[in-house]
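Taking it in order: structure first as structure tokens, then the write-up.
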Amino acid sequence: MEKLLKTELKTSILKAFGSSGGGYISRGQSYKTDSGRVFVKINHKPQARTMFEGEMASLEAIQKTNTLRVPQTIKVIDLPGEGAMFVMEYLKMKNLNKHSAKVGKGAEHSESQYVDTFGFHTVTCCGFIQQVNEWQSDWLTFFIRHRLQAQMDLIEKAYGDREARELWSQLKLKIPEMFCDVEIVPALLHGDLWAGNVAEDDFGPIVFDPASFYGHSEFDLAIAGMFGGFSSSFFSAYHSKIPKAPGFEKRNNLYQLFNYINHWNHFGTEYRGSTLNVMRKLLK
């Protein structure tokens, strides 16, 4: 693998440093090269190239907004056999602390190029699950079809869970009423904005591991509020730019539901209870 990296990066030096790391899905390693330090993500799944190309496109889209810093992308490299590597700029990061409010202010990305539909120009993956991003003029059509229904189809295939199926069939009919009198303008989203995907250095906040698409600005706030790690200054800075619209709390629960189902699909039935509880809460 290191020989392949050396060839692809056209470097005579390739020296690993730091401990190998990574998240739940891919592992990572930092290297010194002729042209500076790089960080390499490695994944051996057959869909790794698709995952990394979606991540690369997402990072590039966020970077173009000039609002939040992301690692500069370098290239995606196929591994022999199965899998791929994603090479990007190495950034020396530490836990988000003093720059939390700056993420809030940058979280709804201003676009130099106006986009008036919902979706993205390529497939992205939230974790290892591929997400269809075909453009839709209507947010509810996009969100129900390509996010909630797509995830529920995977639950049905893996578990055939009758209670989940019945609750979903009732909930699907009630979702439109949660969006009465709310104007939704497509915003470029991170797509997986939990505390593990944000950090800072001496220059300010950094976001990474995105699964971007153009959607409802509230979507990113759901997972940001689920697992801790964001201070109240993050949310107040965000809402100073985009005040809460009527019905915000219920929609926030709906967007959290997507993340609970996604976790159930990734990590198993320990997330079943949370998923069903949120569905019941939304049906009240």
Side-chain angles (χ1 to χ4, degrees), residues 23 25-26 41 43 45 47-76 84 86 88 103 106-154 175 179 182-194 196-198 206-224 238 242 251 254-259 261-263 265-266:
I25 309 299
S26 302
K41 287 176 79 169
N43 191 289
K45 286 185 179 291
Q47 70 267 38
R49 172 168 274 278
T50 303
M51 286 166 51
F52 289 151
E53 285 181 340
E55 183 180 343
M56 187 158 146
S58 301
L59 288 168
E60 289 166 357
I62 294 170
Q63 187 173 39
K64 280 178 190 164
T65 68
N66 294 315
T67 51
L68 286 169
R69 207 152 125 254
V70 297
Q72 293 260 15
T73 63
I74 298 172
K75 72 191 303 188
V76 176
F86 179 22
M88 67 192 90
V103 181
E108 198 246 358
H109 308 301
S110 59
E111 265 303 271
S112 51
Q113 180 189 357
Y114 178 68
V115 172
D116 62 359
T117 48
F118 302 94
F120 201 53
H121 62 275
T122 191
V123 169
T124 52
C125 296
C126 193
F128 55 72
I129 293 173
Q130 291 188 27
Q131 301 186 124
V132 172
N133 289 320
E134 65 181 35
W135 298 100
Q136 299 284 341
S137 57
D138 175 64
W139 166 242
L140 277 185
T141 303
F142 177 88
F143 178 62
I144 294 171
R145 182 183 299 169
H146 296 317
R147 292 299 180 265
L148 290 176
Q149 187 65 60
Q151 291 278 348
M152 287 305 299
D153 288 347
L154 294 174
I175 292 174
F179 291 84
V182 181
E183 186 192 1
I184 301 172
V185 178
L188 179 63
L189 302 170
H190 178 284
D192 192 14
L193 194 70
W194 73 289
N197 289 342
V198 297
I206 301 158
V207 297
F208 49 93
D209 283 359
S212 291
F213 61 98
Y214 288 86
H216 188 192
S217 59
E218 293 175 358
F219 179 87
D220 268 346
L221 297 182
I223 195 165
Y238 188 94
I242 305 177
R251 289 190 301 278
L254 181 70
Y255 294 143
Q256 287 189 346
L257 174 64
F258 163 79
N259 291 290
I261 308 170
N262 184 49
H263 276 66
N265 276 316
H266 275 89

**Message:** Would you compute the distance between atom OH of Y214 and atom CZ of F142 and round it to the nearest 0.5 angstrom?
**Reply:** 12.5 Å
**Complete:** Here the pair of heavy atoms bringing Q149 nearest to R145 is CB-O, 3.7 Å
**Prompt:** Given H266 and I25, is the side-chain contact (heavy atoms from CB on, under 4.5 Å) satisfied, shown in steps?
**Reply:** CA-CA 9 Å; H266 275 89; I25 309 299; 3.9 Å; yes
**Row check, F213 ring normal vs R147 NZ/CZ: under 6.0 Å, within 45°** = yes
**Item:** Backbone N/O of F208 and side chain of H190: donor-acceptor pair under 3.5 Å
**Value:** yes
**Over all atoms of both residues, closest heavy-atom pair of D192 and D209** = CB-O, 4.2 Å
**Asked** So how far is it from L148 CG to L257 CG, rounded to the nearest 0.5 Å?
**Response** 5.5 Å
**Request:** Could you check if a side-chain atom of V115 sits within less than 4.5 angstrom of a side-chain atom of W135, using non-hydrogen atoms only?
**Result:** yes
**Prompt:** If only atom types and distance count, is the side chain of T117 paired as donor or acceptor with the main-chain N or O of Q136 below 3.5 Å?
**Reply:** no
**Message:** Would F120 and L188 count as a side-chain contact (heavy atoms from CB on, under 4.5 Å) here? Give the steps.
**Reply:** CA-CA 9 Å; F120 201 53; L188 179 63; 4.1 Å; yes
**Considering all heavy atoms, the nearest I74-M88 contact** = CD1-C, 3.8 Å
**Asked** Regarding N259 and H263, is there a side-chain donor-to-acceptor distance under 3.5 Å anywhere?
**Response** no
**Prompt:** In Å, rounded to the nearest 0.5 Å, how long is the span from OG of S212 to CG of L59?
**Reply:** 7.5 Å
**Request:** Kindly give the heavy-atom pair with the smallest separation between L140 and I175, and that separation in Å.
**Result:** CD2-CG2, 3.8 Å
**Request:** Can you sort out the partners of V76 under side chain to side chain contact (heavy atoms under 4.5 Å, CB included), two or more places apart, ordered by chain and number?
**Result:** R49, F52, E53, M56, A84, F86
**Item:** Non-hydrogen side-chain atoms of I261 and N265 separated by less than 4.5 Å
**Value:** yes
**Prompt:** Under a 4.5 Å cut-off applied to non-hydrogen side-chain atoms, are Q131 and C125 in contact?
**Reply:** no
**Message:** So which atom in V103 and which in L68 form the shortest heavy-atom distance, rounded to 0.1 Å?
**Reply:** CA-CD2, 3.9 Å
**Request:** Report the distance from atom CD of E60 to atom CD of Q72, rounding to the nearest 0.5 Å.
**Result:** 9.0 Å
**Item:** Atom pair OG/CG of S58 and N133 - distance to nearest 0.5 Å
**Value:** 8.0 Å
**Message:** Less than 4.5 Å apart, side chain to side chain, heavy atoms only: is that true for N43 and F128?
**Reply:** no
**Asked** Heavy-atom distance under 4.5 Å between the side chains of L254 and F179, does that happen here?
**Response** yes
**Request:** Give me the ring orientation class for Y255 and H216: parallel if the planes are under 30° apart, tilted from 30 to 60°, perpendicular past 60°.
**Result:** perpendicular
**Prompt:** Can you tell me how far CD1 of I129 sits from OG1 of T124, rounded to the nearest 0.5 angstrom?
**Reply:** 11.5 Å
**Heavy-atom pair of closest approach, residues I206 and P71** = CG2-CD, 4.3 Å
